[in-house]
Amino acid sequence: METSGILDVGLALTGGGEQERALLLMQWFVWTLVLDDRVDDGQWADDGVLKRFAQRALCVLRGRHDADGADEDPMLKVLAEDLLPRTRRLLASGKEAAFVGHVGRHLEAQCRMVGHRVGQADTLVLTLEEYPAFRADLFGVDILFDLIELVHELQPPNTGVLGAGVSRLRACAGDVLGWVNDLYSLEKDLLLGEHANLVKVAHRQWGCSWQQAVDGVRDMICDRVSAFEKERSQLPGTGGEAAEVRRLAEVLAAAMADVLAWHQTSSRYHWHGRPVAAVDTRRTPPSLMWTQFERDPFPVYARLRAHFPLMRDEPLDAWVVSRYRDVRAALCDPRFTSDNYSWQSGPMVGRILLEMNGSEHTAHRAVMSPAFRGRALTALRGAAFDAAEELAGRAAEEVRLQGSTDLVTSFCQGLPIRVMTAVLGLPVDDAPRLRPWYNAGMSFVADHRQDPATLQRGLDASKALFAYLEPHIDARRAEPGDDLLSALCTREIDGRLLTDREVQGTCSLLLAAGADTSEKALALFLTNLVEHPDTQTAVADSPDLLEAAWAESLRRDPPTHVIVRQTAQAVDLPSGTVPAGSTVACLLASANRDPEFFSDPDRFDVHRPERIDREFAASATHLAFGAGRHFCLGAHLARLLGQTVSVLLRHLPGLQWADGFTPVPHGLISRTTPHLKVTARL
């Protein structure tokens with residue numbers, strides 16, 4: 001928001017009002033913007049999430065105490081504990097019911113739009129006559145006008161000629177603001193398949209070209225501006241009664257200027273400035289914020305590689321690189337720093353290895369590296385295979401008793417955390433307790449949409465995990481063992497011991513990277529084996545082929561799709577120059593399917609010519625483990641975890657999907673299949 005200019009629109013609405021009241025309007029403005037972003041950019045269409053949020057919000061607004069979940073969602077919490085109480089104190093007598101009604105209509109309009117997006121029939125088939133009222137509710141114009149009256153302590157007339165005139169002026173101003181947004185958002189809305197756009201309604205109803213629809217809507221906007229001025233000129237212009245009229249005129253002029261400035265400088269509206277006949281969604285780059293990426297990112301990755309290999313993603317506020325040579329160069333070039341982790345994970349775990357560069361990174365990595373190689377790794381082998389035997393045996397028993405098992409819950413989730421507790425020296429029985437904490441933390445880091453509820457869960461989980469680790473750290477400082485936690489507690493770096501918070505943050509990193517990422521990778525590996533039964537049969541009898549299949553799965557379907565970097569200075573990549581001070585999203589999963597580097601890259605091919613030893617080392621051809629100085633510390637441990645799949649295939653030969661089940665991967669920065677319901681030939 002700070003860089004888009006959209007906050008200038010809110011400032012225009014305050015009009016220099018008294019500070020407390022103006023601040024309240026700005027906070028409501030931001031609250032509705034965040035809601036709009038959650039609807040546009042999040043997965044709020046899934047499982048009625050938005051509808052439940054709206055119901056809880058209405059309970060809060062109406063003073064009911066049955067707003068289930070209001071304490072959990074940060075937006076609802078702010079609404080109940082801050083925004084609404086302050087608004088009620090300032091609202092004039094009799095205004096509260098109207099204000100609550102306007103917020104309710106705004107929520108209902110958002111739900112209606114989402115309902116249409118997910119295919120609910122007749123939820124948003126609007127005519128030009130019906131659209132203005134819906135657009136006003138969707139934009140929330142009455143909420144803003146109510147707050148403008150509150151800021152300036154206006155008492156507009158509700159009856160008579162002046163009252164009717166003020167109502168018409170509000171309608172005109174609201175239409176102009178909403179319709180200008182529609183006009184300038186057309187190309188984005190066409191690309192997204194968004195239906196709440198006046199140009200699309202006109203195009204459908206008039207049966208005309210896009211050129212004619214754009215011109216027609218522009219004329220409609222001009223007509224509404226003229227109607228506003230005509231209505232204003234016919235109303236009384238003296239005394240306090242005219243204050244609302246003057247303020248509406250000021251709002252319209254100021255907000256229009258800021259809306260136009262925002263749109264004209266926003267890179268997502270690329271047809272602005274070209275002849276309107278040139279509306280062409282193919283020229284608008286996709287955004288990682290759009291839900292198409294999470295549903296199936298690979299076709300969009302192909303489009304990026306072909307047409308937008310170096311792309312400025314304005315909604316994400318980042319540059320995006322998608323070709324193999326660009327991604328590898330960005331990961332290996334020290335001018336691409338990892339300073340981004342100061343905001344990506346720093347608020348939750350503090351400064352950790354991922355954020356470090358240069359000699360600081362080298363010193364901290366040296367403390368951890370021995371736990372993931374050599375004799376330490378050999379010692380972990382027994383623990384890994386013992387855990388695999390136990391988990392696979394239970395999964396087989398589930399199949400015998402119930403006919404199927406979910407391999408995510410019965411195998412993938414349990415195996416990595418059991419091994420990571422062994423690495424750290426934590427009690428293995430605590431593994432189920434640890435998992436929700438590091439999953440929430442990983443969701444925090446991977447939440448590119450900055451969903452408030454996800455962020456809050458991550459912060460809460462970090463506090464709980466840190467509290468759990470405190471007595472273990474105290475015990476290791478007093479009596480060290482031969483585990484990694486002891487090394488973190490007793491090894492000096494640059495002449496000093498790590499603080500408790502630094503140890504806790506490092507443990508959080510290791511649990512997230514070692515357990516959360518590995519369970520996602522195992523689920524994707526098993527998905528590939530079930531969907532390629534001939535390969536599954538072959539790898540069950542060949543350890544070498546199993547490792548080749550594991551490496552190929554990591555290439556084709558890595559659990560981490562995006563790694564973020566920042567540029568300390570302008571850097572030239574093969575596909576162009578990234579400016580200094582830029583956030584850069586490196587698309588690992590796109591690079592791993594670049595046809596210029598991998599032949600037939602979408603195919604799951606376990607016979608690719610690469611050496612297996614190489615694919616789990618820093619010289620790996622694929623980028624699932626990253627590249628450069630931040631190459632995954634646990635790559636060899638990941639190799640070991642993949643080897644244990646042979647145990648599962650022995651217990652559950654002939655894996656196939658349970659009746660009626662189809663795996664549905666989701667996620668963008670971190671991606672996996674949340675369920676794997678299978679049966680087997682027992």
Side-chain angles (χ1 to χ4, degrees), residues 4-6 8-10 12-13 36 40 109 113 124-142 144-145 168-234 248-285 314-315:
S4 72
I6 187 62
D8 292 335
V9 179
L13 297 173
D36 191 60
D40 282 351
M113 182 183 67
L124 204 60
V125 180
L126 300 170
T127 65
L128 284 172
E129 293 71 30
E130 296 168 330
Y131 184 79
F134 172 77
R135 190 66 178 91
D137 288 339
L138 189 64
F139 198 82
V141 293
D142 282 324
L144 297 177
F145 289 140
R168 289 192 292 270
L169 286 175
R170 282 177 63 145
C172 285
D175 287 346
V176 170
L177 291 174
W179 297 357
V180 166
N181 189 73
D182 284 357
L183 183 65
Y184 282 85
S185 299
L186 174 61
E187 189 170 9
K188 172 180 72 73
D189 289 346
L190 286 172
L191 193 63
L192 285 172
E194 185 59 74
H195 294 273
N197 186 296
L198 182 61
V199 181
K200 297 188 75 172
V201 176
H203 177 261
R204 183 185 68 247
Q205 186 165 325
W206 293 339
C208 61
S209 67
W210 287 114
Q211 164 87 43
Q212 293 167 322
V214 167
D215 291 345
V217 167
R218 181 176 295 155
D219 291 343
M220 290 173 66
I221 293 171
C222 292
D223 289 345
R224 291 304 270 163
V225 173
S226 298
F228 182 95
E229 294 300 332
K230 181 178 179 180
E231 185 70 46
R232 181 189 178 197
S233 69
Q234 294 175 350
L248 281 173
E250 293 167 1
V251 165
L252 182 61
M256 272 296 299
D258 286 320
V259 167
L260 288 172
W262 170 48
H263 281 296
Q264 289 170 353
T265 58
S266 181
S267 65
R268 75 180 96 178
Y269 306 107
H270 281 268
W271 71 271
H272 179 73
R274 305 201 305 264
V276 291
V279 174
D280 182 359
T281 62
R282 292 171 299 179
R283 298 180 64 178
T284 300
E314 185 268 339

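Numbers for residues simply follow the sequence, beginning at 1.
The heavy-atom pair separating P132 from D175 by the smallest distance is CB-OD1, 3.9 Å. When all heavy atoms of F145 and A173 are compared, the pair lying nearest together is CZ-CB, 3.7 Å.
Using modelled atom types, no side-chain atom of D137 and backbone atom of A109 make a donor-acceptor pair closer than 3.5 Å. Formation of a donor-acceptor pair under 3.5 Å by the H203 side chain with backbone atoms of S209 is not found in this model. A donor-acceptor pair is defined here as one N or O able to donate and one able to accept, closer than 3.5 Å; such a pair exists between the side chain of Q205 and the backbone of L128. Between the side chain of R224 and the backbone N or O of D219 there is no donor-acceptor pair closer than 3.5 Å.
For the atom pair CH2 of W179 and SG of C222, the computed distance is 11.5 Å after rounding to the nearest 0.5 Å. Atom-to-atom distance recorded for R170:CZ and E231:CD is 14.0 Å, nearest 0.5 angstrom. Atom-to-atom distance recorded for C172:SG and D223:CG is 10.5 Å, nearest 0.5 angstrom. To the nearest 0.5 Å, atom CE of residue M220 and atom OH of residue Y131 are 10.0 Å apart. Rounding to the nearest 0.5 Å gives a distance of 12.0 Å between CG of L126 and CG of N197.
Between L198 and R135 there is no side-chain heavy-atom pair separated by less than 4.5 Å. The shortest side-chain heavy-atom distance between V217 and D182 does not fall under the 4.5 Å cut-off. Residues F139 and L177 have side chains in contact (heavy-atom distance under 4.5 Å, counting atoms from C-beta outward). By the 4.5 Å heavy-atom criterion applied to side chains, L138 and M113 are counted as neighbours.
Under the side chain to side chain contact (heavy atoms under 4.5 Å, CB included) criterion, S226 pairs with no residue at all, not counting sequence neighbours.
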Inset, instruction - Go through V201 and T127 one step at a time and tell me if the side chain to side chain contact (heavy atoms under 4.5 Å, CB included) criterion holds. - result: CA-CA 7 Å; V201 176; T127 65; 5.7 Å; no
